[in-house]
Amino acid sequence: MSITLNSPLDMHLHLRDKEMLTLVAPLSAKTFSGAIIMPNLVPPISTKEELLAYKSRILEATKGQTFKPYMTLFFKPTYTKEFLENFEDELTAIKLYPAGITTNSEGGVAGFDVEELRPTLTAMSELNIPLCVHGETNGFVMDREAEFVSIYEMLATNFPKLKIIMEHITTKESVEALDRFENLYATITLHHLLLTLDDVAGGMLQPHLFCKPIAKRPEDREALRKIAFASHPKVMFGSDSAPHPQHAKESCGCAAGVFTAPIAIQVLTELFMKHSTIENLQAFISGNAQKIYNNLKVPKKIITLEKEAFLVPKIYGNVVPLYAGETINYSIKEIES
Ligand code: DOR
Ligand code: ZN
């Protein structure tokens, strides 16, 4: 039996810059029609010039491939409506990081004072620009996301017209919040559908599975699986594929991020097949996102997969992927665009 997916989208992707961009962008562009591109470069993307220049570098790195980079800005509380209006269709979303919470987030938000955030969030509401949020406090690592739910509630109630996307959710508390507020949405990664903290640190420490937010408990993973497999209309796939060079992962002070881009579609297919929910993968990987992001225009790309063993390379350039050197059970057979 072959499985066909139309215009898969990755709604949370790190492509980095320079050699890393050249290495990883074609791997996403091969199987995905488009992706929401994270702005956490050094320095972060915070002007129209930076955004357009980064977009051109992505298009150059994916030349000849059908792939649309949906660009984002790094959130600052001081963006005005005029400033944001000037981006026209070039700006798809704005990403908010709490200060210092993860890779290159030092310039993020500290304190979450609603009045301080109001100017940018009001302008975004008026212009219908979605807000993507890395939702973690600086509390105890296993509780950070659950603690952040009260900040999501504050944002959702103060800005009822703003679409707020809880990025890479990992807990049952976030899943519960989704249905409490009309304007809350979520992305879910592949690795958080697969892993619990046991896989990361229950035996020998696995640096290539270390990411932010860290994988949680079995009951959390179960809550994520339930809404992903049912293709809950407010959730969409976002890989959070976050490449780091091998030396930065296999070192004292391991960088956070799991690199899943080259195998994400194949493993998602395997997972949805295993749980007898393959009919819902199309909505999870494309349909829901198109609706949530205000009828996103997506390039046409048709991916056909079959149950056939694929040996995952041990390394792509200097980046170790998820399941490096292991066999996965679905392969891409055809790509039409
Ligand atoms: O694991 C992660 N890696 N989580 C993030 O939030 C950022 C990302 C990165 O940029 O490396
Ligand atoms: Zn991310």
Side-chain angles (χ1 to χ4, degrees), residues 9-18 20-21 23-25 27-28 32 35-45 54 58 69-75 92-109 130-138 141-142 144-145 148 151 165-171 174 185-197 199-201 205-216 236-251 253-261 264 289 316 318-322:
L9 297 170
D10 183 347
M11 302 308 284
H12 184 131
L13 178 64
H14 296 270
L15 288 180
R16 316 297 192 206
D17 217 341
K18 307 210 167 87
M20 186 61 95
L21 171 65
L23 171 71
V24 301
L27 299 170
S28 284
F32 288 95
I36 295 277
I37 311 298
M38 289 297 127
N40 62 332
L41 304 185
V42 187
I45 305 293
Y54 187 35
I58 294 168
Y70 300 102
M71 304 306 291
T72 65
L73 269 184
F74 190 93
F75 182 91
T92 304
I94 298 184
K95 174 72 186 284
L96 186 156
Y97 288 93
I101 203 70
T102 188
T103 313
N104 307 334
S105 63
E106 291 70 22
V109 170
L131 174 74
C132 303
V133 182
H134 183 119
E136 289 194 285
T137 67
N138 55 10
V141 69
M142 288 294 279
R144 286 175 189 178
E145 186 175 300
F148 200 88
I151 298 177
I165 298 154
M166 304 187 283
E167 295 293 332
H168 43 54
I169 57 170
T170 62
T171 59
S174 296
Y185 301 84
T187 57
I188 300 181
T189 73
L190 170 64
H191 48 281
H192 292 122
L193 289 174
L194 295 170
L195 309 173
T196 69
L197 184 59
D199 298 297
V200 186
L205 191 65
Q206 302 299 318
H208 297 291
L209 305 183
F210 171 65
C211 64
K212 302 279 181 78
I214 194 126
K216 304 289 188 317
M236 49 201 159
F237 176 64
S239 72
D240 198 14
S241 180
H244 292 276
Q246 186 178 24
H247 68 83
K249 294 290 288 174
E250 298 175 9
S251 76
C254 166
V258 184
F259 180 53
T260 54
Y316 289 86
N318 60 350
V319 185
V320 177
L322 180 67

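One-based numbering, in listed order, for ligands and for the atoms of each.
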### Query
Under 4.0 angstrom from ligand 1, any heavy atom of His244?
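His244 counts as a contact of ligand 1 under the 4.0 Å cut-off.
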Need the ligand 1 atom indices (1-based, order shown) with element for anything under 4.0 Å from a heavy-atom of [X].
X	answer
Cys211	1 (O)
His134	6 (O)
Ala242	3 (N), 8 (C), 9 (C), 11 (O)
Lys212	1 (O), 2 (C), 4 (N), 5 (C), 6 (O)

Check: of His14, Arg16, Glu167, min heavy-atom distance to atom 11 (O) of ligand 1 comes from Arg16
| Should one rank Thr189, Val258, Thr102, Thr103 by closest heavy-atom distance to atom 5 (C) of ligand 1, which comes out on top? |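 Residue with the shortest heavy-atom distance to the ligand atom: Thr102.
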| request: Evaluate the side-chain proximity of Pro243 to Arg16: yes if any heavy-atom separation is below 4.5 Å, no if none is. | output: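 Touching, per the 4.5 Å side-chain cut-off.
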**Asked** Relative to each other, are the rings of Tyr97 and Phe74 parallel, tilted or perpendicular (30° and 60° limits)?
**Response** parallel
Parallel, tilted or perpendicular: ring planes of His12 versus His168, cut at 30 and 60 degrees: tilted
OG1 (Thr102) and CE (Met38) are apart, to the nearest 0.5 Å, by 11.5 Å
| request: Consider only side-chain N and O atoms of Thr170 and Lys216, and report whether a donor and an acceptor are under 3.5 Å apart. | output: yes
(request) Output, in order, the C-alpha distance, side-chain angles, deciding distance and verdict of side-chain contact (heavy atoms from CB on, under 4.5 Å) for Ile165 and Met236. (result) CA-CA 10 Å; Ile165 298 154; Met236 49 201 159; 3.8 Å; yes
Across all chains, not counting sequence neighbours, the side chain to side chain donor-acceptor pair (under 3.5 Å) partners of Glu250 are His208, Gln246
Suppose the cut-off is 2.8 Å; which protein N/O/S atoms would you list for the Zn ion (ligand 2)?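 Atoms qualifying: His12 NE2, His14 NE2, Asp240 OD1.
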Contact region, Ala256 to ligand 1, non-hydrogen atoms below 4.0 Å, reads both
